[in-house]
Each structure stands twice: as structure tokens, then as C-alpha cells.
Amino acid sequence: MNNDNDKVNPSERRFATKLLHFGAEIDEGTGASSVPIFQASTFHHHDIFNPPQYDYSRSGNPTRQALEDYIALLEGGARGFAFASGMAAISTSFLLLSAGEHVIVTEDVYGGTYRLLTSILERLGIESTFVDMTDFDAVKAALKPNTKAVFMETPSNPTLKITNIAETTAWAKEHGLLTMLDNTFMTPYHQRPIEHGVDIVLHSATKFLGGHSDVLAGLAVTADESLGRRLKQLQNGLGTVLSAQESWLLMRGMKTLQARMEHSERSARRLAEWLSNHKEVSAVFYPGLEGHPGRAIHEKQSVGYGAVVSFDVGSGERAKKMLSKVQIPLVAVSLGAVESILSYPAMMSHAAMPKEVRHARGITDGLVRYSVGLEDIEDLLEDLDQALRA
Ligand SMILES: *Cc1c(COP(=O)(O)O)cnc(C)c1O
């Protein structure tokens, strides 16, 4: 250990090192090798004239703070925030908007975000327009006098369409719009949207960041301090915070993010190629494939293609048959775990979407989404092959 004066700032290290050495990884008081879990709701005022840094756990908790600083470091932002779920992070951030304001949203956005916008925020007077963001002219055409924000999800869910982040944020800035981006599928290992001009990055940390299908959490990172102060007021006011226990569990999972993503992405590339040549599969969606229309843009803004591959088996009947025959993956809602997860958007994540809307967005009855875990890829392919042939 160096003395403090020549200590290198964690932000100057490379990503894999930041994951392990983020500043709070050793407890200062005891030297403990992990962040202590401060299981306390309130904090004693030793000196009533000098309030303590932490006074009540909804407003601030040292374990949660360590996680919030950790994600801010990884995304390269000013301030991080931890929430009880991805939807808590997303809904809290949307409340930066007020009644009468309008937001432009990626068309095939996560089903829960769609439900939030169309059934809750609309009732509160926050309007939204869904557009295919692969078409920049469509984004520009959606601008209204009351537009205040743009919400992106790239790659989108589950058809993995690509939005040009830098082009969109540059245009949004010209019009004074706030930009938000759901980075759940990529994680800061593959894609750091703040570097491309985004104001707020959002995560369902339930997925790749936690990585073990055992914690529900959401994260947000603001590019600057003033936006951070506004989001802090909402997080505290709404009380949508993550508990100390869950904050610790999430940090434990995040330490292996790069190792997990590297393995899963390598397997996902292999799976996507293999599916492209499979007779029982009519279409494959993966930004790493040669023919993917958004590939060149994706490569400019991300350093990898991620671990989620969607594909179409032709019909709802065939999809259900295949899902009943696979033996290795979990057949479930969710993604981004050590174990592979196969999900059926039409009946799971996008069930809230009216059928016509769903079909118009390319989420057909034959579409399934494969989130590749850490199993041996040969076993995954053999298993999927027998299920597809059944
Ligand atoms: C799962 C998910 C969410 C919602 O997160 P929760 O933790 O389930 O609340 C939001 N966006 C994307 C892309 C997701 O996959």
C-alpha cells in the first residue's frame, strides 16, 4: 500500500480493476475485505449542533452509498443512485418530468416501462410517443412544443434494434431535452452512454449487474451534479431506495461482471451464428451478426454485443413446444444471470402490450429470447437442438 498522497484515483484504472478496487472495497475502520452492511434505520446525533453525515437510512445509508459511488465510477458519471428495482429507478427518474410534458420513447422498450408510461404516467398528465429509433427522422418528427425528454433503450428489448446514441443526444441538447438510457442489456462493461452525451443512465441491476437471479435492484447514474441533486430529492421523497442488505448483495455480484460478460458474450456469438444456420429458425436478432442492420452503429458506441439473442421459431405453437422441451435454461422472465434464461416475450415480459402493438413492434408469437449464462456452450447447443427438432 502506498501512502495516501500517491494513491491512484480508481477512475484512472481500467474497467476490470475498477470492478474490484472502487474505493470502498476495504473498510477503513477494520480493514474488512468487504463493505460492512449497516443494518440501521437511523443514526445517533453525537453532537446536536453538528448533524451526522448519515441521519436516516431512506436519506442515506453507508452501504447503499458505497454501491451508489461504485456504479457512478463504472458509468463515468457524477452521482449514482440505488433503488428497490429497475422499475423504481426508471419511474423515479421519469418523475423529473411534470404534468403537461411529453417524452419520446424507444418503440420496443421494456414491457414494464411501456406499462408505466401508458397506464400510470399518462394518468398523471405525462405524455409519451413511441418511435422506432433506428429511424432518426422519426425521432425528430416526434418533437412537440411540450417535449422535455428522450428515453432510449439500445439494444432494444427483445428485438435488439440499435439507436445511434450520440446523434440522438446531440439533437436532444439542441432542443434542451433531457436524455435517459436504459443500459440493462449492455452494462457499463460493454457500453457507457454518458460518454455519448446521455444525461441519466438506468439499470435493472436485477439482470447482469447482480448476475445471479437472487436480487431485485435498480441503479441510476447522472452525468452531472445538478441533475444528481434533483434525482436525490426524488429518491428520498419517494422513498424508492434499495436496502443495505440488497446493496451489499449487488456489490458482491458486480465484482465478477467482466468475467461473466466475457464468457456469456463469447457463447452468445456462437449461439447466434449457430441459430442463423438452423433449419427450424426463421430469424435471429443479435447485434453481432453480419447482417444486423444496426451493427455498424452499435460498434461505434459499444465494445461488445452482449449475451442476449432473440430468435423466431415461426409460430406460437412451435415456441411453446420448444420451451416445454429445453432442459438446461431456466424458462422464466428475466435475463443476465449465471444460468441461461429462456423467455417468451409474448406471454411474459411483453404480455402487457396489446397484441396489435406487440406484433407491429416485431414481437411475434414465435419470438423467444435467450440470455446466455455460464454453462458449456456445447451443452446449450445440444439441448436447444433437441428442443427445436421436437
Ligand atoms: C428487467 C428490466 C427492467 C425492469 O427492472 P426490474 O428490476 O425488474 O424492476 C427494465 N429495463 C430492462 C431492459 C429490463 O430488462
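First listed ligand is number 1; within each ligand, the first listed atom is number 1. Computed from heavy atoms alone, side chains included, the values below leave out hydrogens, waters and symmetry copies. The residues of the chain are indexed from 1 along the displayed sequence.
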Sorted by chain and residue number, the ring-ring contact (aromatic ring centres under 6.0 Å, His included) partners of His350 (sequence neighbours excluded) come out as none
Practice prompt. State, without any angle test, whether Thr106 and Ser156 hold a side-chain donor-acceptor pair at a distance under 3.5 Å.
Written response: no
Which pairs of donor and acceptor atoms, one on a side chain in residues 125-133, lie under 3.5 Å apart (sequence neighbours left out)?
{"unit_1": "Glu127", "atom_1": "OE1", "unit_2": "Asn146", "atom_2": "ND2", "d": "2.9"}
{"unit_1": "Glu127", "atom_1": "OE2", "unit_2": "Lys144", "atom_2": "NZ", "d": "2.7"}
{"unit_1": "Thr129", "atom_1": "OG1", "unit_2": "His102", "atom_2": "NE2", "d": "2.6"}
{"unit_1": "Asp132", "atom_1": "OD1", "unit_2": "Thr134", "atom_2": "N", "d": "3.0"}
{"unit_1": "Asp132", "atom_1": "OD1", "unit_2": "Thr134", "atom_2": "OG1", "d": "2.6"}
{"unit_1": "Asp132", "atom_1": "OD2", "unit_2": "Thr134", "atom_2": "OG1", "d": "3.3"}

For residues 310-326, the salt bridge (charged side-chain N to carboxylate O under 4.0 Å, His left out) pairs (sequence neighbours left out) are Glu280-Arg318
**Q.** Residues Arg269 and Glu273 bridged, charged N to O under 4.0 Å
**A.** no
Under 3.5 Å: N or O atoms of ligand 1 paired with protein N or O:
{"unit_1": "ligand 1", "atom_1": "5 (O)", "unit_2": "Ser204", "atom_2": "OG", "d": "2.9"}
{"unit_1": "ligand 1", "atom_1": "7 (O)", "unit_2": "Gly86", "atom_2": "N", "d": "2.8"}
{"unit_1": "ligand 1", "atom_1": "7 (O)", "unit_2": "Ser204", "atom_2": "OG", "d": "2.9"}
{"unit_1": "ligand 1", "atom_1": "7 (O)", "unit_2": "Thr206", "atom_2": "OG1", "d": "2.7"}
{"unit_1": "ligand 1", "atom_1": "9 (O)", "unit_2": "Gly86", "atom_2": "N", "d": "3.0"}
{"unit_1": "ligand 1", "atom_1": "9 (O)", "unit_2": "Met87", "atom_2": "N", "d": "2.8"}
{"unit_1": "ligand 1", "atom_1": "11 (N)", "unit_2": "Asp182", "atom_2": "OD2", "d": "2.6"}
{"unit_1": "ligand 1", "atom_1": "15 (O)", "unit_2": "Lys207", "atom_2": "NZ", "d": "2.7"}

Pair Glu68 + Arg79: basic N to acidic O under 4.0 Å
no
